[in-house]
Structure formats: C-alpha cells, structure tokens
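Everything on this sheet refers to the single structure shown next.
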Amino acid sequence: MTTADLFRDLSDRPAPVRLGDGAWLLPRFACDRAEALLAALDGVLRQAPLRHMQTPGGHTMTVAMSCCGERGWHSDAAGYRYTTFDPHCGRRWPPMPAVFVELAVAAAATAGYPGFVPDSCLINRYGADAKLSPHQDRDERDLSHPIVSLSLGLPARFRFGGPRRRDRLLRTDLEHGDVVVWGGASRLAYHGVLPLAGGRHPSTGDCRYNLSFRRAG
DNA sequence: CAGTACCC
DNA sequence: GGAC
C-alpha cells in the first residue's frame with residue numbers, strides 16, 4: 001500500500017448499507033479504480049472470451065460469462081463446478097490481475113472479512129435483456145469465505161434475499177463502482193439480477209459487467 | 001417427484 | 001402456469 005492509498009480521501013463515499021446479517025453494499029467503493037479494473041478486464045477477456053453457458057436443465061444463460069484466477073466456474077449439462085482449465089480452449093484460466101485481487105481484499109476487509117483472498121473471479125456481462133434468476137453460490141469448497149461482487153457500467157436492479165428460496169427478496173440498484181460483500185449468515189443468500197434496462201455508460205457502452213470474487217478451492 | 005444460475 |  002502506497003502513501004497515496006493511505007491518505008486517499010474516502011469522505012465522499014456513502015456509508016455502507018446493510019443488506020442482511022453479514023451482507024453489505026459498499027457504494028462506489030471501486031469508483032477510483034474503475035478504469036484500471038476495466039483495462040485489466042479487457043486483457044483477461046482476450047485470453048478467455050465470454051461465452052453463454054448451458055444450465056444443467058438445458059437452457060442457455062442470457063448472461064455471457066468468463067473467468068480468471070486459479071479456478072473458474074463452469075456450467076453445462078453435467079452440472080455446476082469449478083475447473084482449473086478453461087473448457088473452451090483447454091488452457092488454464094488467465095491469471096487474476098493484481099488490481100482485481102487488491103480490490104477484492106480491500107472490500108472484504110472493509111465489510112468485516114479480513115484475510116479473504118480470492119482464487120477465482122467469475123466475470124458476468126449483462127447485455128440488453130440479460131438477467132440471472134435467483135440462485136445460491138454454493139459450489140465453493142469452504143463456505144466460510146465471503147463473496148465479493150463488483151458492478152461496472154450500466155446499473156443493475158439487484159435482488160438479495162435469504163438462505164431459503166421463499167425468503168423475501170429486497171431490491172437495490174447497483175451502480176458503477178459499487179461493491180456488495182456477503183458472508184457469514186448471508187453466505188447462502190439467494191440473489192439475482194432483473195433484466196438490464198437499456199442505456200449507455202461512458203465506460204462500458206451498452207452493457208454491465210459484474211466481477212464476483214470467490215475462494216473456490 | 002421436486003426443483004429450476006429455466007421459460008413465457 | 002410449463003418443460004426439463
């Protein structure tokens with residue numbers, strides 16, 4: 001950490017918003033690093049292109065996905081799982097850029113999860129009409145590690161509930177640079193994203209990116 | 001039969 | 001609600 005990091009003025013950032021027990025929205029947490037994150041994302045996606053995965057039930061996901069880090073999430077007819085190789089090309093997933101790791105570590109620590117270090121980043125691109133039905137992130141080996149979720153580009157209508165599918169889902173808008181962290185009692189909370197509204201963002205054009213950081217292995 | 005990172 |  002540099003001196004500039006230590007003395008960066010954080011006073012213009014809104015206070016964290018509690019979404020549940022152990023779940024926090026950190027508004028605009030990544031705003032000052034958004035361009036560096038997007039530049040690094042560009043490099044990752046050149047090595048591991050976005051693709052529309054199949055669900056085990058036989059549907060094509062509307063969200064386009066890729067991964068970086070030691071492990072990557074994958075879905076096909078055989079189920080959900082993490083792999084150390086990209087099934088698309090048979091090579092390792094691209095390494096996780098340092099700016100990704102630093103952002104995830106800092107956000108997790110801010111939300112009460114010191115010591116979190118991701119080994120996997122799932123990249124989701126939401127184009128027009130893309131959505132993600134409510135689901136749990138439960139394919140990771142050790143659920144004591146939180147999920148760190150970064151939003152870039154167009155805003156999303158995010159839904160966040162509890163560990164049972166029937167639990168009420170709250171709705172909150174996620175904007176460019178927002179980070180959501182959930183763990184502890186909220187680790188298995190159902191969450192989803194409503195269909196993306198149209199529009200244009202200066203940094204990403206007509207889409208939204210979500211980067212979710214996990215420790216999968 | 002129950003459940004769904006589904007669909008209409 | 002239905003199809004998988």
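Below, read A as the first sequence line, B as the second, and so on, with proteins coming before strands; counting in each chain starts at 1.
Nearest heavy atom pair, residue A/Asp137 against residue A/Leu188, reads O-CD2, 3.7 Å. Between A/Val148 and A/Ala107, the shortest heavy-atom contact is CG1-CB, 4.1 Å. Nearest heavy atoms, A/Pro155 versus A/Arg208: C-CD, 4.4 Å.
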**Report entry** CA sep, side-chain torsions, deciding dist, call: A/Asn210, A/Phe158, side chain to side chain contact (heavy atoms under 4.5 Å, CB included)
**Finding:** CA-CA 11 Å; A/Asn210 176 264; A/Phe158 182 60; over 6 Å; no
**Report entry** Chi angles and distances behind the side chain to side chain contact (heavy atoms under 4.5 Å, CB included) call for A/Leu132, A/Met61
**Finding:** CA-CA 8 Å; A/Leu132 202 53; A/Met61 299 178 74; 3.6 Å; yes
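Only the C1' atoms considered, B/dC6 is 14 Å distant from B/dA2, to the nearest whole Å. B/dC7 and B/dG3 have their C1' atoms separated by 14 Å, with the value rounded to a whole Å. For the C1' atoms, the distance from B/dT4 to B/dC8 is 15 Å, rounded to whole Å.
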Side chains of residues 93-106 of chain A: which donor-acceptor pairs under 3.5 Å do they make with residues two or more places apart or in other chains?
{"from": "A/Trp93", "atom 1": "NE1", "to": "A/Thr83", "atom 2": "O", "distance (Å)": "3.0"}
{"from": "A/Trp93", "atom 1": "NE1", "to": "A/Thr83", "atom 2": "OG1", "distance (Å)": "3.1"}

Show me the donor-acceptor pairs within less than 3.5 Å that the side chains of residues 168-182 of chain A make with the rest of the protein, sequence neighbours left out.
{"from": "A/His176", "atom 1": "ND1", "to": "A/Gly153", "atom 2": "N", "distance (Å)": "2.9"}
{"from": "A/Asp178", "atom 1": "OD1", "to": "A/Arg28", "atom 2": "N", "distance (Å)": "2.8"}
{"from": "A/Asp178", "atom 1": "OD2", "to": "A/Glu175", "atom 2": "N", "distance (Å)": "2.7"}

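Within 4.0 Å of A/Asp137, counting heavy atoms only, lies at least one base atom of the nucleic acid. Among the atoms of the strands shown, none is found under 4.0 Å from any heavy atom of A/Ser75.
For the atom pair CD of A/Glu70 and CZ of A/Arg215, the computed distance is 9.5 Å after rounding to the nearest 0.5 Å.
For DNA chain B, the contact window with chain A, defined by any atom under 4.0 Å from a protein heavy atom, covers B/dT4 to B/dC7 in 5' to 3' order.
Pairs engaging residues 40-53 of chain A under the side-chain hydrogen bond (donor to acceptor under 3.5 Å, both in side chains) rule: A/Asp42-A/Arg46, A/Arg51-A/Asp86 [sequence neighbours left out].
Counting non-hydrogen atoms of other residues, nucleotides and ligands closer than 6.0 Å to CG of A/Asp142 gives a total above 12.
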All N/O pairs under 3.5 Å across the protein-nucleotides 1-4 of chain C interface:
{"from": "C/dC4", "atom 1": "O3'", "to": "A/Gly57", "atom 2": "O", "distance (Å)": "3.2"}

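In secondary-structure terms, DNA chain C builds no stem of at least 3 consecutive Watson-Crick or G-U pairs having both distances under 3.5 Å.
Checked options A/Arg71, A/His145, A/Arg214; the residue passing with A/Asp119 is A/Arg71 (criterion: side chain to side chain donor-acceptor pair (under 3.5 Å)).
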